[in-house]
Student: 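I am attaching a structure below and will ask some questions about it afterwards.
Reminder, nothing fancy here: chain letters follow the sequence lines and each chain counts from 1.
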Number of protein chains: 2
Amino acid sequence: MIFRGRFEYTIDPKGRVNIPAPFRDRLQESAQGSFFLTNFSDCLYAFAADDWARIEERLSRVPSTDRKMNAFVRFFLGGAVEVVPDKQGRILVPPSLRSYAGLEKEVVILGMPNRFEIWSLARWQEEIGRFEKEVHEDPGLAREISALGI
Amino acid sequence: MIFRGRFEYTIDPKGRVNIPAPFRDRLQESAQGSFFLTNFSDCLYAFAADDWARIEERLSRVPSTDRKMNAFVRFFLGGAVEVVPDKQGRILVPPSLRSYAGLEKEVVILGMPNRFEIWSLARWQEEIGRFEKEVHEDPGLAREISALGI
DNA sequence: GGTAATTGTGGGGAAAGGTGGGTAACGGTC
DNA sequence: GACCGTTACCCACCTTTCCCCACAATTACC
């Protein structure tokens with residue numbers, strides 16, 4: 001499932017964040033609106049239930065002898081929670097995830113292929129600032145982008 | 001789909017911009033008039049539905065381990081919205097896109113191959129000014145242009 | 001040149017979306 | 001078993017968006 005768009009919200013003192021209405025609608029179709037949230041790359045990753053099931057399936061195949069990959073599974077699966085938006089369309093972000101992603105007040109939610117992401121506004125801006133700098137300085141990156149047919 | 005022409009409009013206080021009638025007609029044929037809008041290179045890019053589908057397909061193949069390209073996807077797909085002109089032929093530009101492209105009052109819409117672009121008039125004029133300067137100073141650029149048979 | 005159609009701009013009102021807060025249930029701790 | 005903090009479920013308000021209708025300006029057509 002692909003998600004599109006960027007949405008800005010405020011996380012309230014109780015730790016609740018709104019989920020974009022179009023995302024909610026899409027998730028409704030697949031799994032009664034519930035989805036899965038975990039920590040990764042300085043933000044939170046959110047997966048629809050069926051995509052998450054596929055991921056868990058693969059995680060369960062990681063050999064327990066692979067020390068590095070096991071560390072990843074501990075981190076990734078350890079951060080995971082299932083969440084269901086309330087009647088207002090918000091979810092409660094657990095404190096551990098909130099602090100991992102640095103969510104305090106302003107929050108950005110981004111559509112991505114197969115997932116959406118929850119960022120602190122400040123971190124998101126840093127990330128984009130870095131990208132815009134690189135796209136100007138790195139001709140290889142610009143070439144990769146135009147190779148996408150854009 | 002190729003678009004042609006330059007059109008000037010005003011964006012109203014509600015954030016609505018008119019879409020050129022000829023573009024609307026062309027888009028009508030492909031996908032009930034809806035199209036996709038996103039942020040790129042200081043303006044907004046607009047793609048017909050079928051062209052956009054191709055782009056999304058390629059975006060979803062970008063490996064999530066490629067940090068730079070992931071930042072691009074975050075930016076490009078994160079900016080994307082599907083829009084449908086209203087009965088008057090206007091679309092509502094989301095606040096995030098409006099502020100990215102600096103759309104405040106006067107707006108220019110430009111035809112391009114595979115897309116059309118929405119610019120703030122001021123930025124568009126700067127861009128053209130830069131081009132005219134460069135075409136005089138940079139013989140390589142002039143050569144590239146004449147290689148097009150122009 | 002006059003009339004009709006198309007195009008672009010403005011605004012009102014209903015609906016949806018997002019935010020804040022209150023209160024009751026729940027769970028863990030002392 | 002009482003207490004405290006957290007979570008879940010309400011309700012209410014404000015803002016934004018959507019869907020109309022109206023009118024001015026321009027273009028096309030007799």
Student: Tell me the interatomic distance from B/Asp86, atom CG, to C/dG8, atom P, rounded to whole angstroms.
Tutor: 12 Å
Student: Taking all non-hydrogen atoms of both residues into account, name the closest pair between A/Phe3 and A/Arg115 and its distance.
Tutor: CD1-O, 3.3 Å
Student: Among residues 1-23 of chain B, which ones have heavy-atom contacts with DNA chain D below 4.0 Å?
Tutor: B/Lys14, B/Arg16
Student: Are A/Glu134 and B/Arg67 ion-paired here, with the side-chain N under 4.0 Å from a carboxylate O?
Tutor: yes
Student: Only one of B/Arg90, B/Arg16, B/Arg98 clears side chain to side chain contact (heavy atoms under 4.5 Å, CB included) with B/Ile11; which?
Tutor: B/Arg98
Student: On DNA chain D, reading 5' to 3', which nucleotide is the first and which the last to sit with an atom under 4.0 Å from a heavy atom of chain A, could you check?
Tutor: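 Range of nucleotides touched by chain A: D/dT7 to D/dC11.
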Student: On DNA chain D, compare the nucleotides closest to A/Gln88 and B/Arg98; which residue's is nearer the 5' end?
Tutor: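 Counting from the 5' end, the first nearest nucleotide belongs to A/Gln88.
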Student: In whole angstroms, how far is the C1' atom of C/dT19 from the CG atom of A/Leu92?
Tutor: 15 Å
Student: For A/Phe131, is the NZ or CZ atom of B/Arg74 found under 6.0 angstrom from the centre of its six-membered ring and inside 45 degrees of the ring axis?
Tutor: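 Checked: cation-pi criterion not met.
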Student: Starting from the C-alpha separation in whole Å, work towards a yes-or-no answer on side chain to side chain donor-acceptor pair (under 3.5 Å) for A/Trp119 and A/Glu117.
Tutor: CA-CA 6 Å; A/Trp119 287 77; A/Glu117 298 180 352; 2.8 Å; yes
Student: Just how far is it from atom NZ of B/Lys105 to atom OG of B/Ser120, taken to the nearest 0.5 Å?
Tutor: 13.0 Å
Student: What is the ring orientation for A/Phe40 with A/Phe76, classed by angle as parallel under 30°, tilted 30 to 60°, or perpendicular over 60°?
Tutor: perpendicular
Student: Using whole Å, what does the distance between atom C1' of nucleotide C/dG18 and atom CZ of A/Arg90 come to?
Tutor: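 From A/Arg90 CZ to C/dG18 C1': 8 Å.
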Student: Same cluster or not: are A/Leu148 and B/Leu77 linked, directly or through other Ile, Leu, Val, Met, Phe, Trp or Tyr residues, by side-chain heavy atoms under 4.5 angstrom apart?
Tutor: yes
